[in-house]
Amino acid sequence: SKMIAYKEYEVPAVLKARLQAAMNQSEITSLEICKLHEEVAHLFATSALNVCEIAGIGPEQVTCIGSHGQTIAHCPVRKQRDVESGDELNVTGSTLQIGHPSSI
């Protein structure tokens, strides 16, 4: 497989504002995360279809699409005291990406 087309697209201003709010709020509803999850996936899917058109191919000819999603939360590895032993432990970090691939 080889890459035959590539294009970057701007995120629409309204969606971008909602994503920034999701990243900056300490409290966001699960409903809003679900909505953003689908809307980002739809945006990515539409962009992928547009790239297919630019490349002059049908989507059925695409072998794979790479997407790392849109990060809305990032929690790096951190130190935490074990309640029982008092030992300092590394707590596994994690991130939350939205834009589910099944829609792309």
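- Residues Thr46 and Tyr9 have side chains not in contact (no heavy-atom distance under 4.5 Å, counting atoms from C-beta outward).
- Rounded to the nearest 0.5 angstrom, Thr92 OG1 and Gln80 CD are separated by 10.5 Å.
- Tracing side-chain contacts under 4.5 Å through hydrophobic residues (I, L, V, M, F, W, Y), one reaches Met23 starting from Leu36; they form part of the same cluster.
- Annotation for Gln97 and Thr95: closest pair NE2-OG1, 2.8 Å, computed over non-hydrogen atoms.
- The CD1 atom of Ile28 sits 5.0 Å away from atom CD1 of Ile33, with the distance rounded to the nearest 0.5 Å.
- Few gaps surround CD on Gln20; more than 12 heavy atoms of other groups in view lie less than 6.0 Å from it.
- Note: Ile72 CD1 to Ile98 CD1 = 4.5 Å, rounded to the nearest 0.5 Å.
- Asn50 and Ser47 are not linked by any side-chain donor-acceptor pair at a separation below 3.5 angstrom, with hydrogens and angles left out of the test.
- Between Leu43 and Val11 there is a side-chain heavy-atom pair separated by less than 4.5 Å.
- His74 contributes atom NE2, which lies 12.0 Å from atom CG of Leu96 (distance to the nearest 0.5 angstrom).
- With hydrogens and angles ignored, the 3.5 Å screen pairs a side-chain donor or acceptor of Arg81 with a backbone N or O of Gly86.
- Between Gln70 and Leu19 there is a side-chain heavy-atom pair separated by less than 4.5 Å.
- The environment of Glu60 atom CD is dense: over 12 non-hydrogen atoms of other residues, nucleotides or ligands sit within 6.0 angstrom.
- Clustering ILVMFWY residues whenever any of their side-chain heavy atoms sit less than 4.5 angstrom apart, transitively, puts Leu49 in a cluster other than the one holding Val40.
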Residues Val62, Cys52; criterion side chain to side chain contact (heavy atoms under 4.5 Å, CB included); working and verdict
CA-CA 8 Å; Val62 175; Cys52 286; 3.5 Å; yes
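- A side-chain donor-acceptor contact under 3.5 Å links His37 to the backbone of Gly99.
- For the residue pair Asn90 and Lys79, a side-chain donor N or O sits within less than 3.5 Å of a side-chain acceptor on the partner.
- Using a 4.5 Å cut-off between side-chain heavy atoms of Ile, Leu, Val, Met, Phe, Trp and Tyr, with links allowed through other members, Ile104 and Val51 fall into different hydrophobic clusters.
- Residues passing the salt bridge (charged side-chain N to carboxylate O under 4.0 Å, His left out) test with Glu32, sequence neighbours excluded: Arg18.
- Proximity of a side-chain donor or acceptor of Thr71 to a complementary backbone N or O of Ala73 within less than 3.5 Å is not detected.
- Here the side chains of Ile54 and Lys7 are in contact, with some heavy-atom distance below 4.5 Å.
- A side-chain donor from one of His100 and Ser103 sits under 3.5 Å from a side-chain acceptor of the other.
- Atom CD in Glu39 sits 11.5 Å away from atom SG in Cys34 (nearest 0.5 Å).
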